[in-house]
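Okay, so here's the structure we're looking at.
Numbering of ligands and ligand atoms starts at 1, following listing order.
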Amino acid sequence: MKKAVHFGAGNIGRGFIGSLLYKSGYDIYFVDVFKELVDNINKFKSYNIFILGNDIKKEVVDGVKAIHIDDEKNLLKAIEDADVITTSVGVNNLYGIGEKLAYYLERRFEKNDLPLDIMACENALFATNILRDSIYKNSSETLKAYLDEKIGFPNTAVDRIVPNVDIEKETPIDVAVEEFFEWDIEKDAVKGDFDIKGCELVDDLEPYIERKLFLLNGSHATTAYLGYLKGYKYIHEAILDETIDKIVKNLQLEASFGLNNKHKIGIDKLKEYSDKVIERFKNPHLKDEVVRVGRDPVRKLSNGDRLVSPAKLSFETGLMPENILYGIAAGFAFDYKDDPKAMEIQESISTLGLEETVKKVTGLDETILIDKIVKKYKELKSGKIK
Ligand SMILES: NC(=O)c1ccc[n+]([C@@H]2O[C@H](COP(=O)([O-])OP(=O)(O)OC[C@H]3O[C@@H](n4cnc5c(N)ncnc54)[C@H](O)[C@@H]3O)[C@@H](O)[C@H]2O)c1
Ligand SMILES: O=P(O)(O)OC[C@@H](O)[C@@H](O)[C@H](O)[C@H](O)CO
């Protein structure tokens with residue numbers, strides 16, 4: 001039986017990656033920092049995936065095991081034998097995982113010289129490259145030669161909305177998901193012979209990952225930030241608000257111009273994709289909280305992420321991305337107290353001021369865009385947008 005090691009047994013790890021690996025016949029080892037989660041996976045060994053549509057379907061993922069990140073002995077054994085390694089831990093955690101993987105791969109190399117693919121399944125552009133670079137940075141010259149020859153680092157785009165579960169569970173590790181899923185993988189970077197059913201191997205990942213990050217995650221974040229400001233708890237409520245719906249749809253159009261200019265995907269195709277995304281946001285059964293979708297605005301408002309990146313892309317085509325800038329401005333107004341990264345931005349606004357904070361977080365240097373974000377932030381705060 002082929003073995004898969006997956007770092008991050010959270011929502012997408014269990015609700016999506018775990019599901020496809022299981023259906024493809026892999027023996028799954030989850031690795032996590034959260035001890036209680038690791039213990040529960042080892043206790044129950046099985047979990048349910050509730051697929052939330054107009055009716056609820058249930059799938060079972062069976063025979064799973066978990067390893068705590070500090071359990072060196074078991075982690076070494078799992079990595080030595082792995083046929084595929086995946087992550088869904090949050091892009092900022094990839095640096096630390098890269099360091100650990102370098103250590104374990106050096107040891108695997110002494111025992112197993114079969115090829116292996118390592119894929120980061122995170123919402124970020126080319127996340128596997130970040131993980132790969134971190135592994136290389138921590139590698140000896142001998143290990144680097146082994147990596148060059150035997151280890152594939154395909155980038156991926158993963159898409160399935162997996163909210164924090166809000167239904168009655170049968171085990172504490174059950175998850176709830178939407179029906180839709182898409183997993184695109186860079187074909188030419190694959191070195192092993194993994195066979196994951198349901199994923200798609202693509203020649204050029206960039207159009208896929210940018211389309212997903214800008215049209216889905218950019219509009220998701222904007223729905224969340226505007227929804228939060230207007231007092232909605234859930235995404236499906238926020239997207240039914242006429243003002244939010246209009247801004248989000250126009251944001252998708254602006255991002256589509258940029259995407260089409262770069263990748264020649266076709267405006268009609270991008271519109272079709274965008275419309276499906278909005279329908280997915282409207283799913284009332286997911287009960288996806290705006291504070292989950294808006295989490296970590298420092299990351300979401302950074303230069304290469306879901307809002308600033310498409311804003312720059314569409315600005316470069318000669319268009320003023322007014323609605324994407326609303327999304328960014330709303331992100332700066334996201335003052336959710338339980339989100340440390342939202343609080344970091346709020347503290348920066350109080351000490352450095354808004355304009356300096358916008359420059360620092362977004363990395364933008366186009367004065368016109370910065371001025372517009374500041375203006376829109378003030379409009380949002382003064383309640384001008386109803
Ligand atoms: N939930 C979704 O709808 C969704 C969809 C697509 C992609 N993603 C992406 O997947 C990633 C995870 O998102 P999520 O929603 O599953 O979050 P989550 O918080 O539910 O899960 C993340 C898991 O990673 C674990 N973790 C953190 N640091 C770790 C480390 N160093 N080693 C091992 N485990 C570690 C956490 O304990 C947690 O269990 C993010 O990059 C996110 O953007 C999420
Ligand atoms: O996971 P994040 O924080 O990058 O983004 C929040 C949501 O937009 C995201 O989790 C989506 O639900 C997911 O990307 C859908 O595929």
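- Salt-bridge formation is detected for the pair Glu344/Lys341: a Lys NZ or Arg NE/NH1/NH2 atom is positioned less than 4.0 Å from an Asp or Glu carboxylate oxygen.
- For the pair Val293 and ligand 2, a heavy-atom separation below 4.0 Å is found.
- For the pair Glu272 and Lys269, the salt-bridge criterion is not met [side-chain N within less than 4.0 Å of a carboxylate O].
- Residue contacts with ligand 1, taken as heavy atom pairs separated by less than 4.0 Å, do not involve Ala127 at all.
- Remark: ligand 2 atoms within the under-4.0 Å shell around heavy atoms of Asn123 are 1 (O), 2 (P), 4 (O), 5 (O), 9 (C), 10 (O), 13 (C), 14 (O).
- Proximity to Val31 (heavy-atom distance under 4.0 Å) selects the following atoms of ligand 1: 33 (C), 34 (N).
- The shortest contact between atom 43 (O) of ligand 1 and any protein heavy atom is with Asn123 ND2, 3.0 Å.
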Determine, stepwise, if the pair Asp193 / Lys2 fulfils salt bridge (charged side-chain N to carboxylate O under 4.0 Å, His left out).
-> CA-CA 10 Å; Asp193 63 346; Lys2 287 196 170 189; 3.0 Å; yes
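- Of the protein's non-hydrogen atoms, the one nearest atom 26 (N) of ligand 1 is Val33 CG2, 3.8 Å.
- Considering only non-hydrogen protein atoms, atom 16 (O) of ligand 2 sits nearest to Asp159 OD1, 2.6 Å.
- Taking the charged nitrogens against the carboxylate oxygens, Lys360 and Glu356 have no contact shorter than 4.0 Å, which rules out a salt bridge.
- Contact check on Asp371 versus Lys375 returns no salt bridge, with no Lys/Arg side-chain nitrogen under 4.0 Å from an Asp/Glu carboxylate oxygen.
- Contact atoms of ligand 1 toward Leu37: 39 (O) (distance under 4.0 Å to a heavy atom of the residue).
- Looking at Asn260, its side chain does come within 3.5 Å of a backbone N or O of Gly266 through a donor-acceptor pair.
- The atoms of ligand 1 that sit less than 4.0 Å from any heavy atom of Ile69 are 32 (N).
- Here is the list of ligand 1 atoms found below 4.0 Å of a heavy atom in Phe34: 37 (O).
- Two residues are said to be in side-chain contact when any heavy atoms from C-beta on lie closer than 4.5 Å; Val202 and Leu205 meet this criterion.
- Remark: the backbone N or O of Glu80 is paired with a side-chain donor or acceptor of Arg108 at under 3.5 angstrom.
- Here the protein heavy atom with the shortest distance to atom 20 (O) of ligand 1 is Asn11 N, 2.9 Å.
- Of all the atoms in ligand 2, the ones that sit under 4.0 Å from a non-hydrogen atom of Lys212 are 13 (C), 14 (O), 15 (C), 16 (O).
- In this structure, Lys23 pairs ionically with Glu59, as a charged nitrogen and a carboxylate oxygen lie closer than 4.0 Å.
- The existence of a salt bridge linking Lys230 and Asp241 is confirmed by a sub-4.0 Å separation between a basic side-chain nitrogen and an acidic carboxylate oxygen.
- Residue Asp159 has no nitrogen or oxygen atom sitting less than 3.5 Å from a nitrogen or oxygen atom of ligand 1, judged on distance alone.
- Nearest-residue assignment for atom 22 (C) of ligand 1 (options Ser88, Ala157, Ala124, Gly90; heavy-atom criterion): Ser88.
- Residue Lys300 holds the heavy atom nearest to atom 3 (O) of ligand 2 of all those in Lys300, Arg292, Arg160, Glu182.
- In this structure, Lys249 contributes its side chain and Lys246 its backbone to no donor-acceptor pair below 3.5 Å.
- The shortest N or O to N or O distance between Val162 and ligand 1 is under 3.5 Å.
- Ligand 1 places these atoms under 4.0 Å from at least one heavy atom of Ile161: 3 (O).
- Residue-ligand proximity, Asn217 to ligand 2, at heavy-atom distances under 4.0 Å covers atoms 7 (C), 8 (O), 9 (C), 11 (C), 13 (C), 14 (O).
- Of the N or O atoms in Lys212, none lie within a sub-3.5 Å distance of an N or O in ligand 1.
- Nearest protein neighbour of atom 24 (O) of ligand 1, counting heavy atoms only, is Gly8 CA, 3.5 Å.
- Here Ile97 has side-chain heavy atoms under 4.0 Å from ligand 1, and that is the only part of it that gets that close.
- The single protein non-hydrogen atom nearest to atom 1 (O) of ligand 2 is Arg295 NH2, 2.8 Å, given as residue, atom name and distance.
- Ring pair Phe181/Phe16 is tilted by interplanar angle, where 30° to 60° counts as tilted.
- Thr87 contributes no side-chain N or O that, together with a main-chain N or O of Val89, makes up a donor-acceptor pair within less than 3.5 Å.
- The heavy atom nearest to atom 15 (O) of ligand 1, out of those in Arg299, Arg306, Arg295, is found in Arg295.
- Scanning the protein for heavy atoms near atom 28 (N) of ligand 1, the closest one is Asn93 ND2, 3.4 Å.
- At a heavy-atom cutoff of 4.0 Å, ligand 1 is contacted by both the backbone and the side chain of Asp32.
- Ring-plane geometry between Tyr47 and Phe30 is classed as tilted, the angle between the planes lying from 30 to 60 degrees on a 0 to 90 degree scale.
- In this structure, atom 21 (O) of ligand 1 lies nearest to the protein heavy atom Gly10 CA, 3.2 Å.
- Comment: Lys187 engages Asp203 in a salt bridge, judged by a side-chain N to carboxylate O separation of less than 4.0 angstrom.
- Atoms of ligand 2 lying under 4.0 Å from any heavy atom of Arg306, numbered from 1 in the order shown and given with element: 2 (P), 4 (O), 5 (O).
- Residue Cys121 has at least one heavy-atom neighbour below 4.0 Å for each of these atoms of ligand 1: 10 (O).
- In this structure, Tyr228 and Tyr336 have perpendicular ring planes: the angle between them is above 60°, well past the 30° mark.
- The ligand atoms of ligand 2 that sit less than 4.0 angstrom from a heavy atom of His220 are 7 (C), 8 (O), 11 (C), 12 (O).
- Formation of a donor-acceptor pair under 3.5 Å by the Asn283 side chain with backbone atoms of His285 is found in this model.
- For the pair Gly15 and ligand 1, no heavy-atom separation below 4.0 Å is found.
- Close approach of ligand 2 to Arg299 (heavy-atom distance below 4.0 Å) involves ligand atoms 2 (P), 3 (O), 4 (O).
- We find that Arg280 and Asp159 are joined by a salt bridge, their nearest charged nitrogen and carboxylate oxygen being less than 4.0 Å apart.
- Residue contacts with ligand 1 include Arg292, since one of its heavy atoms falls under 4.0 Å from the ligand.
- Checked by distance only, ligand 1 and Ile12 come closer than 3.5 Å through their nitrogen or oxygen atoms.
- In terms of protein heavy atoms, atom 41 (O) of ligand 1 is closest to Glu122 OE1, 2.5 Å.
- Between Arg160 and Glu178, none of the side-chain N atoms (NZ, or NE/NH1/NH2) sits under 4.0 Å from a carboxylate O, so this pair counts as no salt bridge.
- Nearest protein heavy-atom contact of atom 35 (C) of ligand 1 is Val89 CG1, 3.5 Å.
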